[in-house]
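These notes are about the structure you will find just below.
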Amino acid sequence: MLDIKLIRENPELVKTGIENKREKNRIDEILVLDSKRRELIFRTDELKSKRNQTSMEIAKLKKSGADASNIIAEMKRVSDEITLNDSQLKDLEASLNDILMFIPNLPHSSVPVGKSAEDNVEVRRWLPEGFSFENDFKPLDHIELGKKLKILDFERGAKISGSGFPLYTSRGATLERSLINFMLDKHINEHNYSEIFPPFLVNADSMRGTGQLPKMADDMYFLQKDDLYLIPTAEVPVTNIHRDEILDEKSLPVKYVGYSACFRREAGSYGKESKGFLRVHQFNKVEMVKFVKPETSYDELEGLVSDAEDILQALNIPYRILMLCTGDLSFSAAKCYDIETWSPAENKWLEASSCSNFESFQARRANIRYRREDTKKPDFLHTLNGSGLATSRLMVSLLENNQTPEGKIIIPRVLHKYTNFGIIE
RNA sequence: GGAGAGGUGGCUGAGUGGUUGAAAGCGGCGGUCUUGAAAACCGUUGUAGGCGUAAGUUUACCGGGGGUUCGAAUCCCUCCCUCUCCGCCA
């Protein structure tokens, strides 16, 4: 959520930001509602002040045994007006809030203005030693490999649940679990994140806090009977750990890492993009979340990306970093880097991670603050999160890049102590 | 699923209709004392909104929402949550 004061004082700046994000601009409506709201508060507060004063007089009159019926009758009229105003105010604030909750975060000034993914900017790429985009043999894709080696069974996954619910079997299941543990251990032991194992179902307040609701309601699984949503990412439960809290400045930055299964309805996604692991309804992800002081959040964003890169370098997987342009930036993000890993079979880059700075956008919605040591006053902190990483797309690159001409998979050395095998054949 | 108890400020915990934002204690902050620290003593101490350049002023907040009343932490309704016991269960 944006600060209403920012909108009030810099409407043009806000409008430009929203338009660059290619979202609907309803700033003028907000300004009208806001000024109506303030005017109504002003009038009603005066009435309330009068009522409070008069109540004390009534108490005194009654104590001394005097008659207060005239003044009580007058106060009844005042009270009725207050009731009326309060209900108008409530409606007004509800409408204002409804619009405000649909206003996206503004892009940071360093973000390139652009319309779509076409305009994203490649920042750098990393390729393993001896890597080549040319192949000596025709690589199998992850679906063919999974079938041949009996480690992925998309048909049976579809039988059990429906398409987009992958089933991992035997060494595929072990490899998946090993990857998760490897990534968690690295972030915990080398990057100083504290481990979280979050709930996978959350309430609507949590979904609003991180910005999934109200805009993304159709993209989430919802359990009507219990009013709970399946999380699309661990970002939701982990960020909401500190909802409605005031943290000590000394405790910042707070860094969490957690594994979760992620559930996405992917409403309206069809076609080639959706085969195998490329677009699924359930996948596994290790997520990093940071709560930081505003002045450090852009340094922390760079750190976040480099923590995710460490994983890929350790696994020897080719990747590139993109800075998303304004048009491709998500609703809540002010700046975002995507990490894409190389798929030799698809002959393209696959998004395996997104690292974003939300500045105070989520903190405002979720009411997460910290007490400043200089002013002793609470202020909204900045939140960031990044995948470190999602296993599905990572698995595609891992399998395809490590296959032999015979269709065997060489397991990267760093995973051996987790898998207890070095090859899948 | 059944039965019961309870939700008050950073924490513990008073408070059953009229200067109660809320006693007391703890904690925090500032000070006195001390070479320093502790102890003791004194003072201070929430959040959000409105108006105001500011000083300041005003409103709201005792789990959420609604109601009764001139006036609600206190009475009524409703929802949520936590705890205990029983049942079921990985």
Side-chain angles (χ1 to χ4, degrees), chain A residues 1-10 30-101 197 199-209 213 222-229 237 240-252 254 261 291 360 363-381:
Chain A
M1 185 149 58
L2 293 183
D3 186 358
I4 183 75
K5 283 183 194 138
L6 177 75
I7 298 175
R8 197 185 290 154
E9 284 157 21
N10 298 290
I30 289 176
L31 291 174
V32 170
L33 288 171
D34 177 54
S35 91
K36 277 187 186 165
R37 168 182 161 269
R38 286 188 294 156
E39 195 263 339
L40 191 57
I41 288 174
F42 183 76
R43 276 195 289 133
T44 309
D45 276 3
E46 279 186 328
L47 292 175
K48 284 180 179 171
S49 174
K50 184 177 175 187
R51 179 176 72 182
N52 286 345
Q53 278 183 318
T54 311
S55 283
M56 281 189 272
E57 285 168 32
I58 292 171
K60 277 182 202 153
L61 282 175
K62 287 209 160 181
K63 223 167 240 173
S64 67
D67 174 54
S69 51
N70 284 344
I71 190 166
I72 284 176
E74 190 198 334
M75 274 308 104
K76 181 153 180 58
R77 282 195 299 277
V78 172
S79 256
D80 287 346
E81 194 177 343
I82 290 173
T83 307
L84 183 73
N85 287 3
D86 272 346
S87 88
Q88 280 176 4
L89 183 64
K90 212 186 144 191
D91 291 347
L92 209 52
E93 291 191 324
S95 328
L96 182 61
N97 200 45
D98 282 351
I99 303 178
L100 220 43
M101 289 298 272
F197 204 120
F200 292 179
L201 273 65
V202 302
N203 58 32
D205 283 341
S206 293
M207 284 297 190
R208 267 190 291 272
L213 284 180
F222 176 57
L223 304 175
Q224 199 160 26
K225 238 178 175 173
D226 300 285
D227 251 326
L228 292 169
Y229 294 82
N240 276 281
I241 287 174
H242 294 299
R243 173 150 51 84
D244 293 321
E245 291 185 13
I246 301 174
L247 307 184
D248 280 341
E249 182 171 336
K250 282 198 271 305
S251 70
L252 301 179
V254 171
F291 302 83
S360 60
R364 234 173 257 287
R365 289 184 163 230
N367 192 29
I368 309 171
R369 294 174 290 174
Y370 74 108
R371 193 171 295 280
R372 294 183 62 99
E373 293 201 314
D374 50 358
T375 61
K376 309 275 184 222
K377 291 287 171 195
D379 194 6
F380 293 107
L381 46 71

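Quick caveat: nothing in here was measured; it's all calculated off a predicted structure. Lettering of chains follows the sequences in order, A, B, ..., and the numbering in each one begins at 1.
- If you check every strand for non-hydrogen atoms under 4.0 Å, Lys50(A) touches nothing.
- Judged by Watson-Crick or G-U wobble contacts below 3.5 Å, the nucleotide U35(B) has no partner.
- C76(B) and U68(B) have their C1' atoms separated by 7 Å, given to the nearest Å.
- Between U45(B) and C11(B), the distance separating the two C1' atoms is 14 Å to the nearest Å.
- Within 4.0 Å (heavy atoms only), Arg43(A) reaches no atom of the nucleic acid at all.
- For A72(B) and U84(B), the P atoms lie 36 Å apart once the distance is rounded to whole Å.
- Figure legend. G9(B) is base-paired to no nucleotide; pairs are counted as Watson-Crick or G-U wobble with both atom distances under 3.5 Å.
- Along RNA chain B, the nucleotide nearest Lys90(A) and the nucleotide nearest Ser49(A) are compared for position; the residue whose nucleotide lies closer to the 5' end is Ser49(A).
- First and last contacting nucleotides of RNA chain B toward chain A (any atom under 4.0 angstrom from a heavy atom, 5' to 3' order): G18(B) to G71(B).
- Contacts of Arg8(A) with the nucleic acid, taken as non-hydrogen atoms under 4.0 Å apart, involve only primed sugar atoms and P, OP1 or OP2.
- Across all strands shown, C85(B) forms a Watson-Crick or G-U wobble pair, both distances under 3.5 Å, with G2(B).
- For the C1' atom pair drawn from U20(B) and C62(B), the interatomic distance equals 10 Å after rounding to whole Å.
- Looking at heavy-atom distances under 4.0 Å, Arg77(A) makes no contact with the nucleic acid at all.
- Ion pairing between Glu249(A) and Arg369(A) fails under the 4.0 Å rule for side-chain N and carboxylate O.
- Shown here, U69(B) forms no base pair; nothing in the strands shown gives a Watson-Crick or G-U wobble contact with both key distances under 3.5 Å.
- As rounded to the nearest Å, G31(B) and A22(B) have C1' atoms that lie 27 Å from one another.
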| request: Start with the C-alpha distance between Glu373(A) and Lys250(A), add both sets of side-chain angles, then the distance that settles side chain to side chain contact (heavy atoms under 4.5 Å, CB included), and finish with yes or no. | output: CA-CA 8 Å; Glu373(A) 293 201 314; Lys250(A) 282 198 271 305; 3.1 Å; yes
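- Lys5(A) and Asp3(A) are not joined by a salt bridge, as no carboxylate oxygen comes within less than 4.0 angstrom of a charged side-chain nitrogen.
- Atom name C1', nucleotides G7(B) and U12(B): the rounded distance is 15 Å, in whole Å.
- Looking at heavy-atom distances under 4.0 Å, Ile58(A) makes contact with a base.
- Spacing of C1' atoms, G46(B) relative to G10(B), comes out at 9 Å, to the nearest Å.
- Using N1 to N3 plus N6-O4 or O6-N4 for Watson-Crick, or N1-O2 and O6-N3 for G-U wobble, each under 3.5 Å, U19(B) pairs with nothing.
- Across A5(B) and C75(B), the matching P atoms stand 16 Å from one another, rounded to whole Å.
- Applying the Watson-Crick and G-U wobble criteria (two distances, each under 3.5 Å), C51(B) pairs with G56(B).
- Applying the side-chain contact (heavy atoms from CB on, under 4.5 Å) test between Leu201(A) and each of Asp226(A), Asp227(A), Leu223(A) identifies Leu223(A) as the sole match.
- Remark: Lys62(A) does not engage Asp67(A) in a salt bridge, criterion side-chain N to carboxylate O under 4.0 Å.
- Every residue two or more places apart in sequence or in another chain was checked for a side chain to side chain donor-acceptor pair (under 3.5 Å) with Asp98(A), and none qualifies.
- Residue Pro378(A) is the one, among Lys76(A) and Pro378(A), whose nearest nucleotide of RNA chain B lies closer to the 5' end (criterion: closest heavy atom).
- Salt-bridge check for Asp34(A) with Arg8(A): passed, with a basic side-chain N closer than 4.0 Å to an acidic carboxylate O.
- Both distances falling under 3.5 Å, in either a Watson-Crick or a G-U wobble arrangement, place C61(B) opposite G46(B).
- Within the 4.0 angstrom heavy-atom criterion, base atoms lie near Lys62(A).
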| message | Using the rule given for salt bridge (charged side-chain N to carboxylate O under 4.0 Å, His left out), can you reason through Glu93(A) versus Arg37(A), listing the C-alpha separation, both sets of side-chain angles and the distance that settles it, and then say yes or no? | response | CA-CA 7 Å; Glu93(A) 291 191 324; Arg37(A) 168 182 161 269; 2.9 Å; yes
